[in-house]
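These notes are about the structure you will find just below.
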Amino acid sequence: MIKKIIIGILFFAIGFGIAVFLDSFFRHLIQDLFQWTTNDGIQFGGKDFYLFGNPYYFTSFGLIFLIFRIANRKTKPLKILRNGILLIILFGIALIGICAINANLKIIECTACDDGIRRLGYNEINYGLILSFSSLISIIPSLVSIIKTRKKLVK
């Protein structure tokens with residue numbers, strides 16, 4: 001029992017650490033997605049200065065690793081690899097979709113934009129919310145797997 005708790009904490013810490021490590025990468029990726037999905041309809045200005053990332057984003061990445069570990073603890077390595085690839089693909093699709101919707105809504109709400117170009121400060125985007133929702137969407141197959149396994153155990 002203690003071994004399971006320690007392994008769970010370890011996987012949460014790994015996810016949290018990866019989130020801290022990739023924070024800057026994801027900020028730049030989201031900025032690029034905002035520009036790409038609007039055909040450069042969004043331009044960024046000002047200084048790209050931030051001290052700390054969003055704690056919800058860090059926590060959601062930790063939870064992803066923990067839930068993924070729980071869902072795949074008794075599966076074969078090839079299936080774990082397949083599930084991991086599915087998780088990454090779903091994360092990417094969700095990230096692109098959320099960024100596209102959010103960026104286009106920012107252009108739509110702009111009434112005083114010159115030539116349809118919206119100028120945003122780097123910190124006007126809620127990076128943590130976008131990444132948290134993307135990560136929670138990507139973990140849905142693992143949650144479904146856990147629920148199915150629990151229902152089989154109850155029967």
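FYI, side chains are in, hydrogens and waters are out, and symmetry mates aren't considered; it's all heavy atoms of this structure. Keep in mind that what you see is a predicted model, and the values were worked out from it rather than measured.
The shortest distance between side-chain heavy atoms of V144 and K148 falls below 4.5 Å. Side-chain atoms of D23 and Y57, non-hydrogen and from C-beta on, do get closer than 4.5 Å to each other. The shortest distance between side-chain heavy atoms of I64 and L87 falls below 4.5 Å. Within the 4.5 Å cutoff, the side chain of L33 has no heavy atoms near those of the I98 side chain. Two residues are said to be in side-chain contact when any heavy atoms from C-beta on lie closer than 4.5 Å; K4 and I7 fail this criterion. Contact check for I42 versus I107: side-chain heavy atoms found under the 4.5 Å cut-off.
A ring-centre distance under 6.0 Å is found for F58 and F16.
The stretch residues 61-70 participates, sequence neighbours left out, in no side-chain hydrogen bond (donor to acceptor under 3.5 Å, both in side chains) pair at all.
The aromatic rings of F91 and F61 lie perpendicular to each other, with more than 60° between the two planes, well past the 30° mark.
Distance SG/C99 to CD1/I130: 4.5 Å, rounded to 0.5 Å. The CG atom of L95 sits 12.5 Å away from the CG atom of L90 when rounded to the nearest 0.5 Å.
With no hydrogens or angles considered, a side-chain donor-acceptor pair links N123 and R27 at under 3.5 Å.
In the hydrophobic cluster analysis, where Ile, Leu, Val, Met, Phe, Trp and Tyr join through side-chain heavy atoms closer than 4.5 angstrom, I85 is grouped apart from L22. No single ILVMFWY cluster, assembled from side-chain heavy atoms under 4.5 Å apart, contains both I93 and F68.
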Q | Residues F11, F65; criterion ring-ring contact (aromatic ring centres under 6.0 Å, His included); working and verdict | A | CA-CA 6 Å; F11 271 86; F65 273 74; 7.3 Å; no
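A salt bridge between E124 and K106 is absent, with no side-chain N of the basic residue lying under 4.0 Å from a carboxylate O of the acidic one.
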